[in-house]
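What follows is a single structure, written as structure tokens, with notes after it.
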Amino acid sequence: MLDLRFVRENLELVKQKLKDRGAATSVLDGFEDLDRERRRLLSGAEERKARRNKVSGEIAALKQQGRDVSALVTEMQQLGTEIASLDREDKTYDEKLRDILAALPNLPHESVPVGDSAAGNQEVRHWGEPRHFDFPPMPHWELGPKLGILDFERAAKIAGARFAVYTGVGARLERALANFMLDLHTREHGYTEVLPPFMVNSATLFGTGQLPKFAGDLFKIESTDFWLIPTAEVPVTNLYRDEILEAEELPIKHCAWTACFRSEAGSYGKDTRGLIRQHQFQKVELVKFTLPEKSYEELESMTRDAGEVLERLGLPYRVVTLCTGDMGFSSAKTYDLEVWLPSSGDYREISSCSDCEAFQARRANLRFRRGRGKSEWLHTLNGSGVAIGRTWLAIIENYQQEDGSVVVPEALRPYLDGLDRIG
RNA sequence: GGAGGGAUGGGUGAGUGGUUGAAACCGGCGGUCUUGAAAACCGUUAGCCUUUAAAGAGGCUCGGGGGUUCGAAUCCCUCUCCCUCCGCCA
């Protein structure tokens, strides 16, 4: 959520930044009038409340002296009616204003390239080189079933499309990847592991920005206020909601392994084959809570922490800065890590690292205090460290051999009892 | 699922309609004393919003929402969460 005062004082700038993102600015059309009217009503109500508070005290005093207060009571009854109606009116303006603010995406940081689609993203760096194959490489959705480690047909039977069953070494590889990533981030990168609920309530989803706008992307449990998390960013970022942390505690760095659930509404027909786009996938997520002035350097280190996972696994990847038109709702700046996939002949997203600045902090009321100073909004960052399902398929595809087997990356072998080859 | 009890400031916890935004204690901060520290003593210690150049003034908040009243932490309704007992259960 953007700061109300900031929007009031920088309306044209806000509109320009929204246009850069390709977001509609029409919601802001009535903003100035709404904002002015709301404050007018509020002052009116507050003046009357001040009078009421004063007279109520007087009534108490007079009553103690046994004096007649009926005239004052009558006056207060009238005043009470006025206050109620002003309050009611003010509330509707307040809600309208809040709805506007809740629907606005974050403003892009000045370093973000302006563009209207993924075509405007800019490569920052890359690591490794795509392998040259002496034989036609198979896509993982053929190789996996052939190796007996991946089963889409039975998954469709028990659940439906966009689900997968991992079997035998396939299941173990998924688990090994989770442990490998968590160990790297906790032992070497200073993150504290958390295991949060995979279901959360609406307030939590509002805090990170999924609600109210993106309810359609989520799964909701019928007749409850529980939703399946689309990413661990949601429960973990909300961990300190409505709290005021000490400046010395920051940065707080968490990593979390969770399943993630996405309805993938609006993406029918995209990546229908294979593991790329599933209703459920597992992910290790990185979340940071930082001082405002440190958040961009923390974004750089978080992106490196995620890249380290791919480097240790020997997977070629590149880092791109998402342009204004391709960024997520809550982000001010996002780096995507894209891994090389032989089946696509291209780099595909495997991690997304975002600095949300104070956008989520305002929604979730995440604050900190320096010494005895006034409380301030902290900054939140999140990034995949990294998506496990996509790492699984990247390994299968990039490490496949001509005989149909798959070599296990060395870093992973300790997690698989030394297994060096699948198939 | 059934029965009962709770939710107050950083913590414990008083407060059942009228200077109570809130006693007391603990904790935190500042000070006195001390070579230093501890103890003791004194002082101080919520958040948000409106208005203002500032100082200040005002409003709201005692789990959330609604109601009664001139006036609500206190009364009523409702929701959420927590605790205890029974049942069920990985």
Ring pair (Phe, Tyr, Trp, His ring centres under 6.0 Å) with [X]: which residues, sequence neighbours excluded?
X        : value
A:Phe31  : none
A:His279 : A:Phe163, A:Phe219
A:His379 : none

Hey, is the side chain of [X] poking within less than 4.0 Å of OP1 or OP2 on [N], counting only N and O atoms?
X        : N      : result
A:Arg8   : B:rU50 : yes
A:Lys374 : B:rA46 : no
A:Arg367 : B:rC48 : yes
A:Arg39  : B:rC49 : no

Donor-acceptor check, side chain of A:Glu32 to backbone of A:Leu28, threshold 3.5 angstrom: yes or no?
no

Can you name the atoms? Protein N/O to nucleotides 54-58 of chain B N/O, anything below 3.5 Å, with the distance.
unit_1, atom_1, unit_2, atom_2, d
B:rG58, N2, A:Glu46, OE1, 3.2

Which part of the nucleic acid, if any, lies within reach of A:Arg40 when heavy atoms closer than 4.0 Å are counted: base, sugar-phosphate only, or nothing? nothing

For A:Arg48, answer base if it contacts any base atom (sugar-phosphate contacts may also be present), sugar-phosphate if it contacts only those atoms, and nothing otherwise; contact means non-hydrogen atoms under 4.0 Å.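 If one applies the 4.0 Å heavy-atom cut-off, A:Arg48 turns out to touch nothing in the nucleic acid.
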
Using a cutoff of under 3.5 Å, can you pull out all pairs of nitrogen or oxygen atoms linking the protein to nucleotides 80-83 of chain B, with atom names and distances?
none

Paired with B:rC60: which nucleotide, if any, by Watson-Crick or G-U wobble criteria at under 3.5 Å for both distances?
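B:rG47 is the nucleotide pairing with B:rC60.
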
Is it the case that the side chains of A:Glu298 and A:Thr290 hold a donor-acceptor pair, with the cut-off being a distance below 3.5 Å and no angle test?
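There is no such pair between these side chains.
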
Polar pairs (N or O, both sides) under 3.5 Å between protein and nucleotides 68-79 of chain B?
unit_1, atom_1, unit_2, atom_2, d
B:rC70, OP1, A:Gln77, NE2, 2.7
B:rG71, O4', A:Ser56, OG, 3.3

